[in-house]
Amino acid sequence: MRNTTATALLIACACFCTPSIYSQTTETAQSEVSEKILTETEKRIADHVLPTYAPNNEITGEYDESLAAKCFNGIFVGKKREDVNIWKGIPFCKQPVGELRFREPQPAEASSKVYEAYNFMKSCMQSIDPDEKASKYEQGDDCLGLNIWSNTKSSLKAKPVLVFIHGGGWIAGGTSDPLYEGYYFAHDNPDVMLVTIDYRVGMMGQINLSSLPDGKDFENSEDLCMLDMVEALKWIKQNIAAFGGDPNNVTISGESAGGGAVSMLCVMKEAKGLFTKAIPMSGAVTHFNKKELTLKQVPALQEAFGCKTVADIQNIPFDKLKKWWGYNVENVYHHPVRGNKLIEADPLNAWERGDSKDIIVLQGHTSKEFNYYFTVYGYLDAMFDAVCEAGTKGISARSDKKYAEVYEEYMKSLEKLGYKGNNQYREFMNDKVFNGPQLYQAEMHSKNGGKGYFYTFDKSYDGDYAKIGAGHAVDLCYLFGTFDGVWSFGTPDELELASKYQQMIVNFCKTGNPSIEGLDWPEYNTQTRSRMIIGDNTHVEENYETERSTKVMQMMELSEAFRFPGNEGTLFESAAALNPEAAAECKKIWDKNQELDKKN
């Protein structure tokens with residue numbers, strides 16, 4: 001991300017955005033086989049276009065009954081593309097409009113009416129962001145729906161169901177993004193049904209209303225995003241059989257903010273019994289933050305609109321609220337909150353207690369997660385290094401002597417692995433923000449008797465993208481088989497990796513074991529710490545970087561500042577103090593891009 005939204009994400013150290021996928025072009029293969037693959041690639045690239053919004057209307061005449069699914073809240077008629085049946089924009093609850101804005105999701109009303117399920121639901125309110133394509137889709141309060149893809153060639157009477165939760169830093173994203181188009185996954189994997197769900201993001205999904213006189217009636221408004229997901233899973237449990245899915249074999253998956261959500265759902269009592277397996281990708285429960293960080297929202301609204309009550313805020317027309325939000329996103333908090341009725345003060349305690357042990361968990365991260373933020377800082381090495389150094393030293397400044405001792409040992413372990421100077425700070429940020437929390441969850445899950453698997457996505461790149469490597473969200477185009485022709489090209493090797501990766505996910509959904517033919521994937525345990533390295537050379541490694549991993553987990557236990565990466569304050573300002581020249585250059589890039597975004 002490069003504009004207002006991205007600036008806000010990094011200033012607040014909200015490192016849970018889902019960027020465009022970056023890849024590197026290669027020479028066109030000349031063989032007959034490669035020519036066929038390229039033709040398939042061209043088709044996928046042509047499909048990577050944001051759809052045009054249209055409402056799903058009631059059907060009063062004839063319809064194709066073979067594409068109709070009878071659900072609790074209506075009969076929904078989809079469309080067919082080759083061998084895949086597709087339903088889009090099915091509401092899983094009452095829409096949060098009018099008096100329901102900022103309310104917990106309300107169950108959908110029973111209905112026998114027939115509706116189109118042709119188009120995605122609207123995106124939730126968010127700033128326009130070039131890399132979050134769903135932000136350019138129609139937006140509205142009426143944004144809570146789900147989409148289903150099911151291949152008709154499967155012989156299974158009840159298919160395993162894979163539910164995917166999108167990322168976007170908790171303030172952006174939506175299922176209309178072509179990155180999450182499910183057709184190719186369903187086409188290539190007939191035995192698994194794919195579902196994607198929307199949820200409220202930004203202020204609409206997490207806002208603290210407690211200071212207002214009628215705010216006591218909105219005690220869970222800080223975590224509406226999580227309750228939206230729970231409501232979607234309840235709907236799936238009740239209705240997915242109508243589409244041919246197995247309600248007793250549901251796997252939830254998500255990346256970035258979606259990965260954090262999946263990690264939280266694994267230990268939320270409200271979600272108990274709604275799924276049996278989980279795949280948190282690049283997202284742990286550590287990005288849920290303290291209540292006091294949400295207190296800017298209501299005063300900012302009061303100043304802008306003169307609001308005195310929640311009812312006043314509910315009555316602000318959507319278009320006016322959206323316009324205000326677009327230029328004030330940096331001033332309002334946007335992560336869900338811990339330390340309230342819904343989510344305990346330290347959600348990692350739930351993993352430490354073993355609350356996740358009944359769920360089979362496959363989790364992991366990319367190898368260079370934090371390197372994605374080169375893109376945010378204008379690809380400026382000096383600025384990125386200053387940010388990583390500031391983040392690293394900021395943690396030490398807020399931690400005790402025991403942490404400092406382990407930190408020194410951790411840095412020595414990095415040096416043994418060949419990381420020196422600024423590269424050590426970069427690796428620290430990778431471990432602190434993404435890799436460490438994910439590994440710690442896996443460790444606690446295994447320690448308490450839970451069955452699980454661990455992976456690192458480690459594909460290499462050439463040219464300009466070599467400095468980024470397998471950064472944040474690079475694995476998504478391989479999961480969905482979607483390539484945009486700008487950042488990822490669907491080259492033969494990429495398509496081959498996508499097929500292998502998808503088969504692992506499919507087998508996990510079907511059996512709880514991601515092993516594929518010729519590649520056994522051992523369970524993660526605290527003795528061998530096996531992980532699958534997925535990329536150019538997909539293979540299993542045991543005791544992967546043991547000394548480094550051990551020190552990371554010790555730091556997780558010793559320092560709250562390390563444990564909860566979102567509590568760091570202003571990284572940019574700290575980095576600017578270390579390198580004012582780089583910060584000034586970076587600020588020029590931000591200002592230029594923000595002006596371009598406003599014009600668009």
*With a cut-off of 6.0 Å (strictly less than), are more than 12 heavy atoms of other residues, nucleotides or ligands near CD of Glu58?*
yes
*Could you walk me through whether Met125 and Leu321 pass the side-chain contact (heavy atoms from CB on, under 4.5 Å) check?*
CA-CA 9 Å; Met125 186 181 76; Leu321 194 61; 4.0 Å; yes
*Should we count NZ of Lys588 as having more than 12 external heavy atoms under 6.0 Å?*
no
*Taking 4.0 angstrom as the limit, do Lys234 and Asp228 come out as a salt bridge?*
no
*For the residue pair Phe164 and Tyr180, categorise the inter-ring angle as parallel (less than 30°), tilted (30 to 60°) or perpendicular (more than 60°).*
tilted
*List the steps, then state whether ring pair (Phe, Tyr, Trp, His ring centres under 6.0 Å) holds for Phe457 with Tyr501.*
CA-CA 10 Å; Phe457 194 92; Tyr501 188 28; 5.7 Å; yes
*Using atom types as modelled and distance alone, determine if a side-chain donor or acceptor of Glu132 lies under 3.5 Å from a backbone N or O of Gly167.*
no
*asked:* Could you work out, with ring pair (Phe, Tyr, Trp, His ring centres under 6.0 Å) as the rule, every residue matching Phe318, not counting sequence neighbours?
replied: none
_cation_pi(Arg338, Phe564) dist<6.0 Å, angle<=45_ = yes
_Check: His287 main-chain N/O paired with His335 side-chain donor or acceptor under 3.5 Å_ = yes
*asked:* Check for me whether Arg426 meets the cation-pi criterion with Phe384, that is, NZ or CZ under 6.0 Å from the six-membered ring centre and within 45 degrees of the ring axis.
replied: no
*asked:* Do the side chains of Asp223 and Arg200 get close enough for a salt bridge, i.e. N-O under 4.0 angstrom?
replied: no
_Are Trp87 and Phe243, when compared by the centres of their aromatic rings, separated by less than 6.0 Å?_
yes
_Run Asp188 and Gln502 through side-chain contact (heavy atoms from CB on, under 4.5 Å) and show every step you take._
CA-CA 9 Å; Asp188 296 340; Gln502 289 175 15; 4.0 Å; yes
_Any side-chain to backbone donor/acceptor pair from Tyr137 onto Phe120? Under 3.5 Å, distance only._
yes
_Verdict with supporting geometry, Asn289 and Val337, side-chain contact (heavy atoms from CB on, under 4.5 Å)_ = CA-CA 5 Å; Asn289 276 332; Val337 178; over 6 Å; no
_CD/Gln106: more than 12 non-hydrogen atoms of other groups inside 6.0 Å_ = yes
*Roughly how far apart are Ile171 CD1 and Met204 CE, rounded to 0.5 Å?*
14.0 Å
*Would you check if Ser253 and Phe275 make a side-chain contact, meaning some heavy-atom pair closer than 4.5 Å?*
no
*Among Gln438, Glu369, His365, whose side-chain hydrogen bond (donor to acceptor under 3.5 Å, both in side chains) with Ser282 holds?*
Glu369
*Only one of Phe370, Phe374, Phe434 forms a ring pair (Phe, Tyr, Trp, His ring centres under 6.0 Å) with His472, so which one is it?*
Phe434
*Polar side chain donor-acceptor pair, Ser135 to Asp129, under 3.5 angstrom*: no
*CD of Glu99: more than 12 outside heavy atoms within 6.0 angstrom?*
no
_Test applied, side chain to side chain contact (heavy atoms under 4.5 Å, CB included); reference residue, Tyr478; option that passes from Leu497, Ile534, Leu495, Ile505_ = Leu497
*What closest approach, in Å, do Pro55 and Asn119 show between heavy atoms, and which atom pair accounts for it?*
O-ND2, 3.6 Å
_Flag if over 12 foreign heavy atoms under 6.0 Å of NZ, Lys587_ = no
_Gap separating the CE atom of Met268 from the CG atom of Leu233, nearest 0.5 angstrom_ = 10.0 Å
_Donor-acceptor pair, side chain of Asp312 and main chain of Thr309, under 3.5 angstrom_ = yes
_Partner of Ile197 by side chain to side chain contact (heavy atoms under 4.5 Å, CB included), out of Asn147, Ile252, Val163_ = Val163
*For Asp47, which residues count as a side-chain hydrogen bond (donor to acceptor under 3.5 Å, both in side chains) partner, sequence neighbours excluded?*
Arg81, Tyr184
_Presence of salt bridge, Asp142 and Lys122, under 4.0 angstrom_ = yes
*Please answer whether the main-chain N or O of His187 pairs with a side-chain N or O of Asn151 as donor and acceptor at a distance below 3.5 Å.*
yes
*With distance as the sole criterion, is a donor-acceptor pair present between the side chains of Glu222 and Asn340 under 3.5 Å?*
yes
*Any donor and acceptor pair, going by atom type alone, linking the side chain of Glu138 with main-chain N or O of Tyr53 inside 3.5 Å?*
no
*asked:* For Asn208, is there any backbone N or O sitting under 3.5 Å from a side-chain donor or acceptor partner on Ser221?
replied: no
*Worked verdict on Trp325 versus Gln126 for side-chain hydrogen bond (donor to acceptor under 3.5 Å, both in side chains)*: CA-CA 7 Å; Trp325 167 261; Gln126 55 193 273; over 6 Å; no
*Would you sort out whether Ser123 and Ser176 count as a side-chain contact (heavy atoms from CB on, under 4.5 Å), showing the intermediate values?*
CA-CA 8 Å; Ser123 292; Ser176 61; 3.9 Å; yes
*Please test Phe218 against Phe102 for ring pair (Phe, Tyr, Trp, His ring centres under 6.0 Å), starting from the C-alpha separation and ending with a verdict.*
CA-CA 7 Å; Phe218 298 81; Phe102 305 130; 7.3 Å; no
*Atom CG of Leu301 and atom NZ of Lys296: how far apart are they, to the nearest 0.5 Å?*
14.0 Å
*Hey, could you give me the CG/CG distance between Asn435 and Asn430, rounded to the nearest 0.5 Å?*
5.5 Å
*Asp198 and Thr175: side-chain donor and acceptor closer than 3.5 Å?*
yes
